[in-house]
Amino acid sequence: MRIAYAGLRRKEEFRVLAEKLGLAPLLFHTQATERVPVPEYRDRVLRLARGVDLFLATTGVGVRDLLRAGEALGLDLRASLEGARRLARGAKAARTLRELGLPPHGMGDGTSPSLLPLLPQGPGVAALQLYGKPLPTLEEALEARGYRVLSLMPYRHLPDPQGIRLLEEAVLAGEVDAVAFVAALQVEFLFEGAKDPKGLKEALNARVKALAVGRVTADALREWGVQPFYVDEQERLGSMLQGFLRLYREGA
């Protein structure tokens with residue numbers, strides 16, 4: 001069975017896991033990611049180093065990139081984060097915080113709105129780690145609770161036109177049996193850049209199985225009219241592939 005991977009990171013891990021399970025992996029990433037040069041947000045990193053009252057981690061990779069940005073400026077941001085109340089958007093961000101010795105005080109379900117009921121009342125300074133795009137809903141909610149918001153964007157996402165074209169062609173031509181999406185942006189970039197989004201939707205609802213890691217990615221598929229064949233709530237590549245195969249073999 002041929003399974004395409006739309007992700008950018010962890011491609012080699014996906015390939016190895018898929019092959020171990022007897023699948024034929026094909027890599028077509030629909031997004032490109034670039035780190036924001038530290039000088040572009042130097043002043044914000046310096047402010048974070050002075051300490052904040054609340055820290056919202058939205059992605060694991062973003063948290064690590066922030067710490068690296070601090071190191072590039074000769075700063076240890078861990079000390080600043082230790083003194084803050086820490087909230088994680090989902091399992092991946094929470095896992096990274098724990099690995100860094102900074103366990104979260106609260107965790108959402110992987111969606112930004114799930115953080116809203118966890119926000120404590122201000123006043124204070126709230127550092128919001130962005131994942132490649134602004135998060136106005138969270139920023140407005142923090143301001144409404146009396147916080148001064150310190151938004152930090154350590155990386156940004158861009159569509160990959162070549163990957164989008166190759167994946168669309170493979171799906172429409174029936175050259176893949178399933179497509180694994182591990183981020184909502186991958187879905188959005190694919191459909192926004194597709195030449196035939198209607199045909200793509202029809203293929204992913206019929207002969208090609210759509211797999212999603214997490215609820216956010218699954219919701220992105222549904223917004224484009226695609227019903228995911230399998231959604232992995234654990235947000236792990238291995239469990240996604242195993243769960244997909246189990247369901248597929250059951251003839252669901």
Charged N to carboxylate O below 4.0 Å: is that the case for [X] and [Y]?
X: Glu71; Y: Arg68; result: no
X: Arg64; Y: Glu99; result: yes
X: Lys195; Y: Glu169; result: no
X: Asp53; Y: Arg85; result: no

Sub-4.5 Å side-chain heavy-atom contact between [X] and [Y]:
X: Thr111; Y: Arg89; value: no
X: Glu202; Y: Lys198; value: yes
X: Pro159; Y: Gln31; value: no
X: Pro104; Y: Leu97; value: yes
X: Ser239; Y: Phe244; value: no
X: Arg47; Y: Arg148; value: yes
X: Leu48; Y: Leu81; value: yes

- Once the angle between the rings of Tyr5 and Phe14 is folded into 0 to 90°, is it parallel (under 30°), tilted (30 to 60°) or perpendicular (over 60°)? parallel
- Between Tyr155 and His157, what is the ring plane arrangement, given parallel below 30°, perpendicular above 60°, and tilted in between? perpendicular
- Message: Could you list the cluster mates of Ile164? Members are the ILVMFWY residues connected by side-chain heavy atoms closer than 4.5 Å, either directly or through other members.
- Response: Leu26, Phe28, Leu166, Leu167, Val171, Val176, Val179, Phe181, Leu185, Val187, Phe189, Leu190, Phe191, Leu200, Leu204, Val208, Leu221, Trp224, Val226
Kindly give the heavy-atom pair with the smallest separation between [X] and [Y], and that separation in Å.
X: Arg44; Y: Ser151; value: NH1-O, 2.9 Å
X: Leu87; Y: Pro120; value: CD1-CD, 4.5 Å
X: Gly70; Y: Val45; value: CA-CG1, 4.1 Å
X: Leu142; Y: Ala126; value: CD2-CB, 3.9 Å
X: Gly106; Y: Leu118; value: C-CD1, 4.2 Å
X: Met153; Y: Pro134; value: CE-N, 4.0 Å

N/O donor-acceptor pair under 3.5 Å between [X] side chain and [Y] backbone:
X: Arg207; Y: Leu172; answer: yes
X: Asp232; Y: Leu241; answer: no
X: His105; Y: Arg86; answer: yes
X: Arg2; Y: Gly174; answer: yes
X: Arg78; Y: Leu100; answer: yes

- Chi angles and distances behind the side-chain contact (heavy atoms from CB on, under 4.5 Å) call for Leu158, Glu34: CA-CA 8 Å; Leu158 304 167; Glu34 65 176 15; 4.0 Å; yes
Any chain of hydrophobic side-chain contacts (each under 4.5 Å) joining [X] to [Y]?
X: Val216; Y: Leu116; value: no
X: Val16; Y: Met240; value: no
X: Leu17; Y: Tyr248; value: yes
X: Val52; Y: Val63; value: yes
X: Leu115; Y: Met107; value: no

Euclidean distance, [Y] [atom2] relative to [X] [atom1], rounded to 0.5 Å:
X: Ile3; Y: Leu21; atom1: CD1; atom2: CG; result: 9.5 Å
X: Asp65; Y: Arg35; atom1: CG; atom2: CZ; result: 4.0 Å
X: His29; Y: Lys11; atom1: NE2; atom2: NZ; result: 4.0 Å

Looking only at side-chain N and O atoms, does [Y] offer a donor or acceptor that is under 3.5 Å from a partner on [X]?
X: Ser80; Y: Glu82; value: no
X: Gln129; Y: Thr58; value: yes
X: Thr30; Y: Asp160; value: no

- Item | side-chain contact (heavy atoms from CB on, under 4.5 Å) assessment of Leu75 paired with Leu46 | CA-CA 8 Å; Leu75 304 169; Leu46 292 174; 3.6 Å; yes
- Apply side chain to side chain donor-acceptor pair (under 3.5 Å) to the pair Glu139 and Thr137, showing each step before the final yes or no. CA-CA 6 Å; Glu139 291 192 28; Thr137 300; over 6 Å; no
- Query: Can you name the one residue among Val125, Leu128, Leu66 that meets side-chain contact (heavy atoms from CB on, under 4.5 Å) with Phe55?
  - Reply: Leu66
- Would you please test Val149 and Glu143 for side-chain contact (heavy atoms from CB on, under 4.5 Å) and show each step? CA-CA 7 Å; Val149 182; Glu143 290 172 352; 3.7 Å; yes
- Please check if atom CZ in Arg42 has more than 12 non-hydrogen atoms from other residues, nucleotides or ligands closer than 6.0 Å. no
- Query: Just wondering, are more than 12 heavy atoms of other shown residues or ligands nearer than 6.0 Å to CD in Glu19?
  - Reply: yes
- Task: Please step through salt bridge (Lys or Arg N to Asp or Glu O under 4.0 Å) for the pair Asp177 and Lys209, ending with a clear verdict.
- Result: CA-CA 6 Å; Asp177 303 293; Lys209 310 299 184 185; over 6 Å; no
- Query: Please walk me through it: do Leu119 and Leu54 pass side-chain contact (heavy atoms from CB on, under 4.5 Å)?
  - Reply: CA-CA 9 Å; Leu119 299 178; Leu54 179 64; 4.3 Å; yes
